[in-house]
Amino acid sequence: MALDWLIGANLPQFWKNYLAHFEKEEKQEVHKRYVVFDMETTGLNWREDVILSIGAIGINDNAIEIKDFFEIFIRQEKFNPQSIAFSGVFKDEEEKYVEAEAMIQFLNFIKDATLVSHNINLDIEMINLALKRLELGRLKNSFMDTNALYQRWQHHVEDTQVSLDEVCDALKINKSDRLTASGNAYTTALVFLKLKAKLGF
Amino acid sequence: MKNPVAENVANFLKYFPPFSSLTFSELLSIANQSKIIYLEKNQTLFKGGEDTHKDFYVVKSGAVGLSLTSDAEETLVDKCDEGDILGLRPFFAKNHYLMTAKAREESIICAIPIAAFEPLVTGNSEVLKFLLQSFASHTRNPYDKEHSGKLISENMIFAEHTTDIQYFQPIAYTKNPITANLDDVVMYIAKTMSNSAIGSVIIQRDKLPIGIITDRDLRSKIATGLFPIDVTADKIMTTPVITVPENISVAEAQMLMLKHNVGHLCVTKDGTEKSFITGIISEHDVVAAQSNTPGVLLKQTRRASEGKELKVVREKLSELIQNSIDKNIPVYHITNIVSEINVAITRRAIELAVQEMGTPPPARFVWINIGSQGRKEQLLLTDQDNALIFEDVDSNEYEMVKSYFLVLADKVVHTLKYVGYEMSPDDVMANNPRWCKSVTDWIKQYNTWINTPAERGVELSTLFFDLDFVYGIPEIEQVITETIIKNMDHNKKFFAYLAADTLKNPAPLGFFRQFLVENDGEHKDSFDIKSRALEPLGDAARVLALSHNLVDFTGTYQRYKKLAEIEPENEELFNNCADAFNVLMRFRTEEGLINNSDGKYLNLKDLSKSDKLKLKHCFQPINEIHDLIKNRFSLTYIN
């Protein structure tokens with residue numbers, strides 16, 4: 001019923017919990033938490049492709065909290081050998097979850113943190129689409145794009161797409177961890193810390 | 001859930017002691033509780049005086065400098081590179097940091113909670129040993145004995161170059177001293193004292209100190225007839241006795257003696273008179289503890305009446321250098337102290353020679369040190385390089401005056417050789433007629449050097465542009481300095497020559513970033529740190545400083561520091577050069593102390609990997625400064 005939807009009566013508990021984080025009083029910005037994440041997907045088309053894995057790590061007080069870590073691998077409905085070749089992900093030893101479970105865990109992890117990723121728009125759209133498949137609303141979190149931050153630091157006027165690799169080179173960040181979503185998340189977190197310091201926010 | 005980021009950190013830590021002695025699962029648990037932080041260049045990690053943090057730090061990449069601030073002047077004490085640990089002070093002291101840690105370049109730091117590490121310290125004897133050893137030896141990595149920096153350098157007690165280095169070290173004293181009871185007869189106590197050649201006896205009851213009988217008590221109370229010689233100890237003892245805890249410093253001991261006007265302190269278990277006696281500190285212990293402090297050495301030098309005594313001072317000075325290096329006193333301060341004493345020794349040698357001559361000098365003169373002595377960069381026993389300038393005299397007296405000074409100089413040079421300073425291999429010493437002449441002759445000499453540096457038979461010796469006044473009438477040296485400035489000013493040919501001379505030294509690294517070692521001879525496969533690293537830095541500093549007319553600064557370090565002030569656009573490079581120079585000096589000194597040599601050649605096999613890396617770090621500024629010189633002075637001019 002329409003009314004049920006309005007009052008949120010039939011919404012799942014995890015979603016209510018998630019939304020509750022945003023209803024709190026204006027919190028002091030002192031202990032603002034950022035979650036830097038990265039996803040591996042079957043491709044770059046946000047309508048067609050699906051998420052294979054998510055890696056995420058938290059930043060508090062300008063420090064990467066190693067234990068504030070999240071990683072999940074998602075079982076694919078359709079097995080597509082091409083996507084394996086594309087992403088290089090083939091981790092049978094990892095426990096895989098269905099997409100719904102992965103989303104629940106992801107929302108539980110991010111809470112109301114500011115999300116950070118490189119070229120974040122694609123990631124956000126794919127998550128929103130996954131949430132839509134669960135008949136839920138869109139992500140409420142505010143988010144920041146390390147690509148955009150990098151452009152701002154470089155004083156680029158137009159929007160240019162620079163790959164994470166290139167940003168790492170420019171910022172002299174070691175790229176050797178960039179093999180998995182979680183490794184990417186960690187590398188992006190270093191990029192974010194550097195840019196945050198340089199831009200002074 | 002598996003945490004690859006934590007695994008990554010654990011994999012990094014496992015290569016560095018003390019983490020290398022932990023199991024992987026222990027490392028993983030540490031890593032899991034750690035944080036990664038990023039420091040901008042010049043960002044402060046912690047500040048001296050600040051309350052200690054909950055974490056200690058491991059440098060993951062970049063470099064963090066540790067510095068001390070005294071009298072508003074910041075002194076860089078150490079640089080921590082990849083894998084180095086800093087901020088361990090909270091392990092040992094719960095109060096505040098002694099040093100300031102500041103990023104020298106963009107750095108990524110792993111912050112490990114002390115609470116997470118502590119259980120592993122107590123549970124693992126290897127880790128505990130590492131921490132205790134580094135605490136005791138003030139070395140960063142006690143396993144890396146020969147060329148260690150310091151693990152917990154923030155703990156180091158810093159001695160300003162004017163204060164005595166050993167002054168703040170624990171004093172050595174007599175343990176388990178001779179004691180007597182209250183009812184012992186004074187005569188027997190005096191006999192015991194006399195037999196054991198000691199100046200005091202502590203009077204005890206149940207091993208607790210009640211009083212003390214010293215020579216002074218015997219003198220003032222027995223010898224004066226105030227008390228008969230067969231009274232019991234309690235009648236004449238001085239009470240209460242001043243008690244101190246174990247491990248007090250020389251400074252404290254001396255202060256307490258002055259404060260209470262006593263010559264003896266009784267050491268007890270907890271420092272009060274209510275605990276057991278464990279030792280006695282006498283005035284003699286205080287004096288002995290300071291025997292090779294700079295102040296005492298200077299005093300001994302001034303009082304020396306023959307070469308033999310100067311030789312003793314010079315030997316003690318070597319110990320002082322070794323101690324200072326072990327205690328990680330900044331090289332800059334060590335060189336200051338050492339050259340001060342070197343100069344004092346030379347001065348005394350000259351005074352003694354003048355006395356020996358029997359007649360006063362027929363003219364006023366100055367004795368100058370040149371080369372590395374002139375730059376005050378001698379830590380080890382290196383060569384003598386000196387010269388003598390006497391004021392102009394009538395031409396008919398000239399030969400007589402000159403021969404007087406040649407004889408005088410010969411005496412000085414030989415005394416110095418006896419003391420331990422090797423003769424200059426090129427005979428650049430004041431007893432050589434070429435380098436012992438009148439002001440006018442010296443001015444002529446400098447004019448030829450500066451105006452026709454490349455001509456045959458001139459052979460400009462750059463040594464002579466690093467001169468330091470040692471003895472005599474400073475005004476005479478002043479005349480020479482003025483001549484140099486006047487002639488040098490914008491003299492393209494001269495600077496082009498100096499610059500070319502600077503670039504002639506072989507590069508430290510080959511094309512593949514490997515060390516260039518000697519190919520043959522006695523030092524085959526050793527690295528010549530003197531001519532490949534220290535001299536290039538020194539030469540570059542000289543030509544740049546002279547081109548700015550900076551003749552009053554002869555030390556390489558000071559020259560770079562001054563240059564950094566004058567040319568703000570090159571400030572970073574010059575500061576890097578200054579730091580590199582100090583690091584290289586320390587390498588050379590340590591090598592020299594170990595092998596009892598002048599430290600010119602480093603045996604690369606004896607260097608740890610991190611030391612090699614540190615060395616290579618120092619070479620970057622050499623390349624950059626060479627480029628700067630190539631661009632600045634037109635080198636084609638003389639070729």
Side-chain angles (χ1 to χ4, degrees), chain A residues 33-34 36-38 53-73 91 93-97 102 105-106 108-109 153 168 170-200, chain B residues 1-13 15 19 24-46 53-64 81-83 87 102-113 115-117 620:
Chain A
R33 176 169 172 256
Y34 295 90
V36 188
F37 74 106
D38 187 69
S53 68
I54 306 177
I57 194 154
I59 292 183
N60 255 321
D61 284 341
N62 287 324
I64 301 175
E65 298 255 13
I66 293 177
K67 65 171 175 299
D68 194 8
F69 174 79
F70 174 82
E71 184 174 45
I72 202 156
F73 296 90
K91 287 197 170 67
E93 73 275 16
E94 300 292 349
E95 200 180 342
K96 291 186 178 167
Y97 294 86
Q105 290 198 16
F106 184 62
N108 279 341
F109 177 74
W153 180 57
C168 285
L171 293 172
K172 293 186 202 110
I173 289 173
N174 187 326
K175 296 179 291 190
S176 59
D177 297 324
R178 290 207 51 203
L179 294 168
T180 58
S182 58
N184 263 339
Y186 173 67
T187 309
T188 312
L190 289 178
V191 166
F192 178 67
L193 280 185
K194 272 204 177 191
L195 288 171
K196 195 170 178 295
K198 290 187 190 304
L199 292 167
Chain B
M1 193 196 310
K2 269 181 74 176
N3 187 338
V5 178
E7 280 170 29
N8 176 330
V9 172
N11 271 319
F12 164 78
L13 290 177
Y15 292 106
F19 304 106
F24 195 71
S25 66
E26 284 170 327
L27 286 175
L28 210 53
S29 113
I30 295 175
N32 238 313
Q33 300 173 65
S34 304
K35 282 180 280 189
I36 304 290
I37 46 183
Y38 164 73
L39 296 177
E40 283 277 89
K41 188 177 174 175
N42 291 330
Q43 196 179 329
T44 306
L45 183 61
F46 54 77
H53 298 176
K54 289 195 180 68
D55 303 319
F56 69 97
Y57 304 95
V58 181
V59 180
K60 236 187 140 216
S61 67
V64 176
D81 294 322
E82 187 180 313
K102 205 191 241 183
R104 311 257 303 157
E105 51 192 76
E106 295 188 348
S107 305
I108 292 172
I109 312 288
C110 183
I112 302 174
F117 194 60
Q620 191 50 38

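Letters A, B, ... are given to chains in the order of the sequence lines, protein chains preceding strands, and every chain is numbered from 1.
- For B/Lys60, the part sitting under 4.5 Å from any heavy atom of chain A is the side chain, from C-beta outward, and nothing else.
- Interface residue B/Ala6: backbone and side-chain heavy atoms are both found under 4.5 Å from chain A.
- Among all heavy-atom pairs drawn from A/Lys67 and B/Asn32, the shortest one is CB-O, 2.9 Å.
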(message) Under the criterion side chain to side chain contact (heavy atoms under 4.5 Å, CB included), I'd like the reasoning laid out for A/Leu193 against B/Ile37: C-alpha separation, chi angles, the key distance, then a yes or no.
(response) CA-CA 8 Å; A/Leu193 280 185; B/Ile37 46 183; 5.6 Å; no
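- To the nearest 0.5 angstrom, A/Ser182 atom OG is 9.5 Å from B/Asn8 atom CG.
- Using a cut-off of 4.0 Å between Lys/Arg side-chain N and Asp/Glu carboxylate O, A/Lys196 and B/Glu40 are scored as not salt-bridged.
- Under the 4.5 Å side-chain criterion, counting only non-hydrogen atoms from C-beta, A/Glu65 is not in contact with B/Gln33.
- Taking NZ of A/Lys172 as the start and CD1 of B/Ile108 as the end, the distance is 11.5 Å to the nearest 0.5 Å.
- The side-chain heavy atoms of B/Ile36 and A/Tyr186, taken from C-beta on, include a pair separated by under 4.5 Å.
- Of the two parts of A/Leu190, only the side chain, counted from C-beta on, holds a non-hydrogen atom closer than 4.5 Å to a non-hydrogen atom of chain B.
- Contacts of A/Ile57 with chain B are made by side-chain atoms alone, with heavy-atom separations under 4.5 Å and no backbone atom involved.
- Atom OH of B/Tyr15 is surrounded by 12 or fewer heavy atoms from other residues, nucleotides or ligands within 6.0 Å.
- How far OH of B/Tyr38 is from CD1 of A/Ile173: 7.5 Å, rounded to the nearest 0.5 Å.
- B/Lys35 NZ to A/Ile66 CD1: the interatomic distance, rounded to the nearest 0.5 Å, is 10.5 Å.
- Between B/Lys2 and A/Glu71 there is no salt bridge, since none of the side-chain N atoms of the basic residue sits less than 4.0 Å from a carboxylate O of the acidic one.
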